[in-house]
Amino acid sequence: SVRPRSDAIIRPDFKFEDMGVGGLDKEFTQIFRRAFASRIFPPSIIEKLGISHVKGLLLFGPPGTGKTLIARRIGTMLNAKEPKIVNGPEILSKYVGSSEENIRNLFKDAEAEYKAKGEESSLHIIIFDELDSVFKQRGSRGDGTGVGDNVVNQLLAKMDGVDQLNNILVIGMTNRRDLIDNALLRPGRFEVQVEIQLPDEHGRFQIFEIQTSKMRGNKMLSSDVDLHELAALTKNFSGAEIEGLVKSASSFAINQKVNIGKGATKINNKDIANMRVTRQNFLDA
Ligand code: ATP
């Protein structure tokens with residue numbers, strides 16, 4: 001729990017609908033209510049209510065569902081600095097003490113800015129992707145080196161220190177919440193945990209809209225492409241897979257039509273249907 005900042009920090013012009021994230025309205029509302037609603041109010045009110053800010057958010061769920069995307073949008077919403085994104089395995093070093101130093105380095109800029117500007121410091125966001133790969137249950141690795149344990153301890157120490165700084169938010173992401181060291185999941189650490197699931201049909205429709213918005217804006221998508229139908233046909237697709245489908249259909253179309261002339265380069269339903277052969281789980285109509 002973090003002392004409230006001196007300012008209300010949610011951008012007043014922020015609209016989640018404009019953020020290019022499809023099918024995660026419910027999740028975002030949950031994240032907002034549980035982690036950020038308090039940031040709308042000035043600290044005087046927050047203090048009167050006896051509440052404090054959340055400093056650690058865990059997003060978990062299958063790969064490619066938009067966890068990184070939503071973490072970045074949170075940064076926009078909170079008017080934060082460009083987030084530092086680090087992959088779990090990147091932290092680990094075979095040199096003694098280096099992994100811990102890598103963790104400490106992630107917090108350095110925020111600490112320095114707090115030292116210089118105090119409450120006027122901007123908010124710094126640190127995003128840990130593949131959190132489970134490094135921050136496993138301590139003592140569970142069996143490599144006998146204890147390196148991983150030290151890394152967990154270092155992150156715990158850093159997160160506990162955020163109480164004093166209040167200009168840092170840590171967002172962890174994982175496909176395997178069950179593997180993560182319990183100490184990291186306790187109140188005051190990654191205390192708000194939200195599951196990001198595969199999109200339902202409406203969500204897939206929204207993601208198709210987002211992923212084709214540029215080509216639609218430029219009138220490059222043929223009118224025979226029905227995004228509702230595509231959403232129905234792509235059960236179990238993640239957002240990343242929908243993006244992949246749209247991209248591969250586009251390159252397919254361009255390769256096919258490059259010599260036919262400008263008017264013919266629109267992406268049509270056949271181009272997308274052709275991708276079925278390359279997409280194992282694209283259900284047949
Ligand atoms: P991983 O667990 O593998 O790190 P992730 O959940 O963080 O995956 P992202 O990296 O956010 O997934 O998604 C990859 C790309 O897929 C995004 O940059 C975006 O283009 C697209 N995408 C995924 N989910 C969505 C979504 N809900 N709305 C719009 N685009 C999405």
Side-chain angles (χ1 to χ4, degrees), residues 14-32 35 56-77 80 82-92 106 125-136 169-180 184 190 192-217 221 225 227-228 230-251 267 272 275 278-279 281-282:
F14 178 82
K15 278 208 198 79
F16 185 67
E17 306 88 82
D18 302 340
M19 288 290 142
V21 180
L24 294 174
D25 310 32
K26 258 190 256 144
E27 287 85 347
F28 187 75
T29 308
Q30 212 186 345
I31 292 170
F32 184 79
L57 168 69
L58 184 75
L59 302 176
F60 64 99
T65 45
K67 295 186 288 298
T68 312
L69 200 59
I70 216 167
R72 285 181 167 281
R73 297 303 180 260
I74 288 167
T76 311
M77 175 180 80
E82 181 66 16
K84 285 202 166 80
I85 303 189
V86 57
N87 249 318
E90 282 170 20
I91 291 283
L92 290 182
L106 285 170
I125 297 188
I126 300 168
I127 300 178
F128 277 104
D129 199 3
E130 297 182 56
L131 195 69
D132 54 277
S133 62
V134 177
F135 304 104
K136 294 192 190 88
L169 170 69
V170 189
I171 303 178
M173 302 187 297
T174 179
N175 307 319
R176 293 291 308 274
R177 182 179 56 159
D178 56 307
L179 295 181
I180 292 172
L184 278 170
F190 291 103
V192 172
Q193 298 165 22
V194 175
E195 182 169 15
I196 308 293
Q197 288 172 327
L198 285 172
D200 62 9
E201 190 172 325
H202 180 63
R204 294 195 297 275
F205 170 72
Q206 288 183 326
I207 298 171
F208 269 111
E209 277 198 313
I210 290 164
Q211 298 296 342
T212 57
S213 69
K214 198 157 196 178
M215 55 176 84
R216 285 186 295 116
L221 193 69
V225 178
L227 301 185
H228 285 288
L230 287 171
L233 288 170
T234 46
K235 197 165 177 245
N236 293 329
F237 266 51
S238 67
E241 287 171 320
I242 290 174
E243 182 187 22
L245 181 72
V246 170
K247 288 217 165 118
S248 49
S250 318
S251 22
I267 288 116
I272 296 183
M275 294 305 106
T278 58
R279 308 293 302 180
N281 51 349
F282 194 6

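Please read all numbers here as calculations on a predicted model, not as lab measurements. Numbering starts at 1 and runs along the sequence shown. As the structure lists them, so they are numbered: ligands from 1, and atoms in each ligand from 1.
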Tell me every residue that passes side-chain contact (heavy atoms from CB on, under 4.5 Å) with Glu243, counting only those two or more places apart in sequence or in another chain. Gln211, Lys247
Rounded to the nearest 0.5 Å, what separates atom CG in Leu230 from atom CZ in Phe237? 9.5 Å
Got a second to check how far Leu233's CG is from Glu201's CD, nearest 0.5 Å? 9.0 Å
In this structure, CZ of Phe128 is separated from CG of Leu59 (nearest 0.5 Å) by 14.0 Å
Would a line drawn from the ring center of Phe16 to the ring center of Phe32 be shorter than 6.0 Å? no
Name of the residue among Ile171, Ile127, Asn175, Thr174 meeting side chain to side chain contact (heavy atoms under 4.5 Å, CB included) with Lys67: Asn175
Atom-level proximity to ligand 1, residues with heavy atom under 4.0 Å: Gly20, Val21, Gly22, Leu24, Pro63, Gly64, Thr65, Gly66, Lys67, Thr68, Leu69, Asp129, Asn175, Ile207, Gln211, Gly239, Ala240, Glu243
